[in-house]
Amino acid sequence: MATRVTTPRSTELVVRADALGIAARRRRSLAWLVALVALLVLSVLVAVGVGAAQVSPMATGRIVLHQLLGVGTPDWPAAREAIIWDVRTPRVLLGVCVGSGLAVCGMALQAMVRNVLADPYLLGINSGASSGAAASILFGIGAGLGEHALQASAFVGALAASVLVLLIARTGGRVTSIRLLLAGVAVGYALYALTSFLIFASDSAEGSRSVLFWLLGTLSLGSWGAPLAVVAVIVAATVALLAHSGRQLDALALGDETALTMGVDPNRLRVWLLVVVALCIGVAVAAAGSIGFVGLVIPHVARRVVGSAHRIAIPVAAVMGAIFLVWADVVARTLLAPQEIPLGILTSLVGAPFLLVLIRRMQVSST
Amino acid sequence: MLRASAISYSYGSMLAVDRVDLTARPGRVLGVIGPNGSGKSTVLRCLFHGLTPDSGEVSIEGRPLSSLSARDIARLLAVVVQENVGESTLDVAEMVLLGRTVRLSGFRSTTAADHEAAAEALERVGATHLAQRPLAELSGGEKQRVLIARALAQGTSYLLLDEPTNHLDIRYQHEVLALLRGLAGDLGAAVVVVLHDLNLAAAYCDDLVLLEQGRMVAQGTVDEVLDPAVVQRVYGIATERLDRDGELHLLFRSVGAASTAGDLS
């Protein structure tokens, strides 16, 4: 019988334990994560205070603490508490959840299709969710599910769109990144048209406004309730699952065959990822409409900061996505106040130039 | 022992591998050779169930691969395939450490022992100085060594490689094969390597399997398989064999000179 090729010798462990600088890097990444979480908390407090009635982050913090833990005595007007706690806090929290969800889904898709241009929005998954949600509202599909009908049908729409994109990309042989991307763009446009048509055809007075909502996204519907709880739980579970599968994602990003030699079944992993991503995007879109480019931009920034090992890059992207969307929403609310700008306009303003830079950097070989 | 018995594989209606038998033994380097399209890479893929043979069986230490999961297989044998991982944004240390994936349950982080195994693998391929570099920046030879280190970090007794010398300069070709030779010699690993270059195969392998159109036409020691008459027939090129200082070399003449082949052999 052959001996093992590598046998750790315990005597050398202490001396050479960090020969590769891995422990040092891990500490650095954790420091980044902690700093970003702190920044997120601060961002949330500032964002909740911003609006027609300005409230300082300190005062906001006291109100939030009082609501959460019953700490402190309320010496503030009840109206302010209502604005802070009932109106703005759920809105900002929705931003946190949706931003995280979009960012980690983008990162998972990029590993899955091995292309830095992958993003739920560009791959048509957001549009699928929009169509599902619109169909649910207009035709009462899934009404038996009560207040979760919207989320459920958005999930089904997202899943259907991603399966459709995969199938189209697969016809005629190997799935290449370019085929996948083009299929995504095509399916995305078709479903956009479908969503808009459904809404206008329904003859609803709110028609055009709803179209704006589904196509460009907004956090204005964020409120305390079961749907927000569902978004929070599903996004948190998605982040945890993806971080937990970080090494599998690393392996998949290297190539199907390489992944297999490392004991990762690429096909099973892809199916599983697709379901998780569709679920997460489904509930995010049902809550906030289709917000583009977060899943494209944030993963890149996250990888720049902590490298591309997914175990750490996923949680970092989640926190960065949350911070990004919270601030995007602040700008959306204040730039033309009292009028609100749809969030997707702002994310596209940041994302589209970013996409151009990425395309410029793409080499011919990566197609 | 890694053994394939009568494995066959077809791509659609094209039979690529036709009832091939081979055995890889600890401490030995087995070369798989043959002209383009003879099924070398397909045989290798069958050996780790990257492709599942249509018929026949592959077994490792007496256990059929069909009874093992992808994870079980990866714990027993490591593979370096020809897949372009150059686009990866991982750095070398992360890449090599990924080889430890099969030894870890999902929630566990890599431990000092894993880092040690990865460092040792990198040292063995002489690439410790590259640890902090991004994979994408490495030269072909450096990249290949890192990929082998990744496979070594998996800590298996069996190592399969698909044309590891492809696109490498002559010096790197010899370096990589000397490295494999060392793994078999020092560590008793069983190495199976698909090779294009017959002289490299002659210099570094113990045993060879020669394929032609999916069929095995010869197998045995290097000396037995590299019969110039057989090589000449299979590759369609005039072949002369020199045995010098216990080393075996093949000389080739272009096809235009094939009419004089009789004199050469």
Side-chain angles (χ1 to χ4, degrees), chain A residues 1-10 12-26 110 114-116 177 241 243-248 250-251 253-269 300 303-304 307-313 362-363 365-366, chain B residues 26-27 45 48-50 61 69-75 78-81 83-85 87-91 93-99 101-102 104 106-107 109-110 112-124 128 131-132 151-159 183 187-190:
Chain A
M1 195 75 26
T3 53
R4 295 282 167 206
V5 171
T6 50
T7 36
R9 288 184 297 271
S10 52
E12 289 180 30
L13 272 183
V14 184
V15 189
R16 295 182 38 200
D18 201 26
L20 302 180
I22 285 161
R25 185 198 332 238
R26 197 170 283 169
Q110 286 166 13
R114 276 169 228 126
N115 191 304
V116 292
S177 302
L241 271 171
H244 165 234
S245 324
R247 277 190 291 264
Q248 276 71 26
D250 291 342
L254 289 173
D256 275 19
E257 208 164 43
T258 305
L260 187 64
T261 69
M262 290 191 254
V264 176
D265 183 336
N267 293 319
R268 196 190 293 176
L269 181 57
H300 282 273
R303 276 193 292 261
R304 269 287 159 87
S308 47
H310 286 93
R311 267 171 87 86
I312 184 70
M362 263 179 92
Q363 287 160 356
S365 63
S366 63
Chain B
R45 289 201 174 90
F48 68 94
H49 270 205
E61 288 167 6
S69 69
R71 203 172 157 85
D72 292 334
I73 294 172
R75 282 182 179 155
V79 190
V80 178
V81 287
E83 199 162 41
N84 182 18
V85 296
E87 303 265 325
S88 170
T89 43
L90 290 175
D91 65 29
E94 289 166 335
M95 180 71 184
V96 176
L97 202 56
L98 261 189
T101 301
V102 286
L104 298 166
F107 282 105
S109 282
T110 49
D114 294 311
H115 301 171
E116 165 73 4
E120 200 173 307
L122 261 184
E123 198 176 300
R124 183 158 272 282
T128 305
Q132 308 293 331
L152 291 183
Q154 234 164 295
T156 63
S157 314
Y158 294 86
L159 183 59
L183 293 176
L187 300 169

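Just so it is clear: chains get the letters A, B, ... in the order the sequence lines come, proteins before strands, and each one is counted from 1.
Most heavy-atom pairs under 4.5 Å with chain A, from the set Val80(B), Val102(B), Val81(B): that is Val81(B).
For Ala118(B), the parts lying under 4.5 angstrom from a heavy atom of chain A are both the backbone and the side chain. Contact annotation for Leu122(B): only side-chain heavy atoms (C-beta onward) come within less than 4.5 Å of a heavy atom of chain A. In this structure, the portion of Arg303(A) lying under 4.5 Å from any heavy atom of chain B is its side chain and not its backbone. In this structure, chain B has heavy atoms under 4.5 Å from both the backbone and the side chain of Ala309(A). Only the side chain of Asp91(B) has a heavy atom closer than 4.5 Å to any heavy atom of chain A.
Side chain of Glu257(A) to backbone of Arg45(B): no donor-acceptor contact under 3.5 angstrom is found.
When all heavy atoms of Ala74(B) and Thr261(A) are compared, the pair lying nearest together is CB-O, 3.4 Å. Of all heavy-atom pairs between Gly50(B) and Leu260(A), the closest is CA-CD2, 3.4 Å.
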Exercise. Run the side chain to side chain contact (heavy atoms under 4.5 Å, CB included) check on Thr101(B) and Gln248(A) step by step: do they pass?
Worked result: CA-CA 8 Å; Thr101(B) 301; Gln248(A) 276 71 26; 4.1 Å; yes
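Side-chain atoms of Leu98(B) and Met262(A), non-hydrogen and from C-beta on, do get closer than 4.5 Å to each other. Here the side chains of Leu254(A) and Met95(B) are in contact, with some heavy-atom distance below 4.5 Å.
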